[in-house]
Amino acid sequence: SRREGFSTIPNVKWEDIGGLDFLRKEFERYIVRRIKHPEDYEGLGLDLDTGFLLYGPPGCGKTLIAKAVANEAGANFIHIKGPELLNKYVGESELAVRTLFRRARTCSPCILFFDEVDALTTNRGTEGGWIVERLLNQLLIELDGAEQRRGVFVIGATNRPEMMDRAILRPGRFGKLLYVPLPSPDERGKILKALARKKPIDASVDLSSIGRMEACENFSGADLGALMNEAAMVALEDRLKSTDQSTLGATSLTIKSTHFEQAVGQI
Ligand code: ATP
């Protein structure tokens, strides 16, 4: 699969994301337009953030947003999982951080995405936490070198912001905090519609009302993705039962309301 620290322009479009319009607007102003039209920002003496922290419950679109921002900006994207950086020999972690930022500068404009960023910053000062401490210090050095960071934006993601060292949340570092909430009932419908773009949903299916079902209360985007998959599986089984094997593949398969109803019961 993906190599660690490998850069590429992701293929996630904003239409693939349901809801979260507020975040789209924030990132338009703070990253996308700055990359596409830097001239608009000149001469105003603006001191704008280049570091962002997305926080909130798991599976609600933090990774998706970061990828869509890179896609919209036409920027490279480097995906780093916090724990992967820690999983190294002494001294190698700091080198890995330096190498990452150097690579990001080389391929700028670039979004450097730190998933599970809390892993890098939680053990500070505690026994056994000195590797984390050294890594964190290196990270702070890189983040503070904002002048050299032209065209490099960092986005961190965490489910546990309260575990993070305060030092990392200051302006110029992961300074702009953005909450990514669980979707509301209406937003669940929007997420289902976004997910449905790649699925053969029958025209009679009302995704908004499925999103408002009580059975979907507290579903994250990831849960809705699982529901969509399950509905597709049910539709497939349905067809396997009802169709003569020889015509399989010739008839078109659509996912209907009854499939969703059965799927909800199974999630
Ligand atoms: P984690 O904190 O567990 O890393 P995350 O917030 O980064 O989670 P994502 O990886 O972005 O979550 O989302 C996981 C999957 O759930 C996505 O690939 C997508 O299928 C679905 N999903 C989550 N949120 C949304 C959304 N707002 N719109 C559409 N799909 C979503």
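In each ligand, atom 1 is the first atom listed, and ligand 1 is the first ligand listed. All values below come from the heavy atoms of this structure, side chains included, with hydrogens, waters and symmetry mates left out. If you're wondering where the values come from, they're calculated on a predicted model, not measured in any experiment.
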Is a donor on one side and an acceptor on the other found under 3.5 Å between the side chain of R34 and the backbone of Y30?
yes

Would L100 and L95 show up in the same hydrophobic cluster when neighbours are defined by side-chain heavy atoms closer than 4.5 Å?
no

Set out, in order, the CA-CA distance, both residues' side-chain angles and the distance that settles side chain to side chain donor-acceptor pair (under 3.5 Å) for T258 and E261, then state yes or no.
CA-CA 5 Å; T258 56; E261 279 152 25; over 6 Å; no

With nothing but distance in play, are any N or O atoms of L20 less than 3.5 Å from an N or O of ligand 1?
no

If every non-hydrogen atom of A75 is compared with every non-hydrogen atom of P10, which pair is closest and at what distance?
O-CD, 4.1 Å

What is the closest protein heavy atom to atom 4 (O) of ligand 1, and at what distance does it sit?
D115 OD1, 4.0 Å

Candidates F114, F27, F174 - the one meeting ring pair (Phe, Tyr, Trp, His ring centres under 6.0 Å) with F52
F27

With a 4.0 Å cut-off on heavy atoms, does D16 reach ligand 1?
yes

For atom 28 (N) of ligand 1, what's the nearest protein heavy atom and its distance?
G18 N, 2.9 Å

Taking distance alone, with no angle check, do P58 and ligand 1 share an N/O pair under 3.5 Å?
no

Angle class for the F113/H79 ring planes (parallel below 30°, perpendicular above 60°, tilted otherwise)?
perpendicular

With nothing but distance in play, are any N or O atoms of G61 less than 3.5 Å from an N or O of ligand 1?
yes

Co-membership, hydrophobic cluster, residues I9 and V152, 4.5 Å side-chain:
no

Which heavy atom of the protein is the closest neighbour of atom 8 (O) of ligand 1, given with residue, atom name and distance?
G59 N, 2.8 Å

Show which side-chain atoms of residues 220-234 pair as donor or acceptor with protein atoms under 3.5 Å away, not counting sequence neighbours.
{"unit_1": "S220", "atom_1": "OG", "unit_2": "A222", "atom_2": "N", "d": "3.3"}
{"unit_1": "S220", "atom_1": "OG", "unit_2": "D223", "atom_2": "N", "d": "3.1"}
{"unit_1": "S220", "atom_1": "OG", "unit_2": "D223", "atom_2": "OD2", "d": "3.2"}
{"unit_1": "D223", "atom_1": "OD2", "unit_2": "S220", "atom_2": "N", "d": "2.9"}

State whether the shortest distance between N or O atoms of L64 and N or O atoms of ligand 1 falls below 3.5 angstrom.
yes

Check if A222 has a non-hydrogen atom at a distance under 4.0 Å from any atom of ligand 1.
yes

Under 3.5 Å, side-chain donor or acceptor atoms of residues 190-201 against the rest of the protein: list the pairs with distances, not counting sequence neighbours.
{"unit_1": "K193", "atom_1": "NZ", "unit_2": "S208", "atom_2": "OG", "d": "2.8"}
{"unit_1": "R197", "atom_1": "NH1", "unit_2": "D16", "atom_2": "OD1", "d": "2.4"}

Please name the pair of heavy atoms, one in L64 and one in V12, separated by the smallest distance, quoted to 0.1 Å.
O-CG1, 3.8 Å

Could you find the nearest protein heavy atom to atom 22 (N) of ligand 1 and give me its residue, atom name and distance?
G221 C, 3.6 Å

Just which atoms of ligand 1 are under 4.0 Å from any heavy atom in N159?
2 (O)

Could you tell me if any non-hydrogen atom of G19 lies under 4.0 Å from any atom of ligand 1?
no

For ligand 1, which atoms, with element, lie under 4.0 Å from some heavy atom of L195?
20 (O), 30 (N)

Just need the protein heavy atom nearest to atom 7 (O) of ligand 1, so name the residue and atom and give the distance.
T63 OG1, 2.7 Å

Checking heavy-atom distances from atom 5 (P) of ligand 1 to each of E187, K62, K198, the winner is K62

Suppose I only count heavy atoms of I191 and a 4.0 Å limit; which atoms of ligand 1 are within that range?
26 (C), 27 (N), 28 (N), 29 (C), 30 (N)

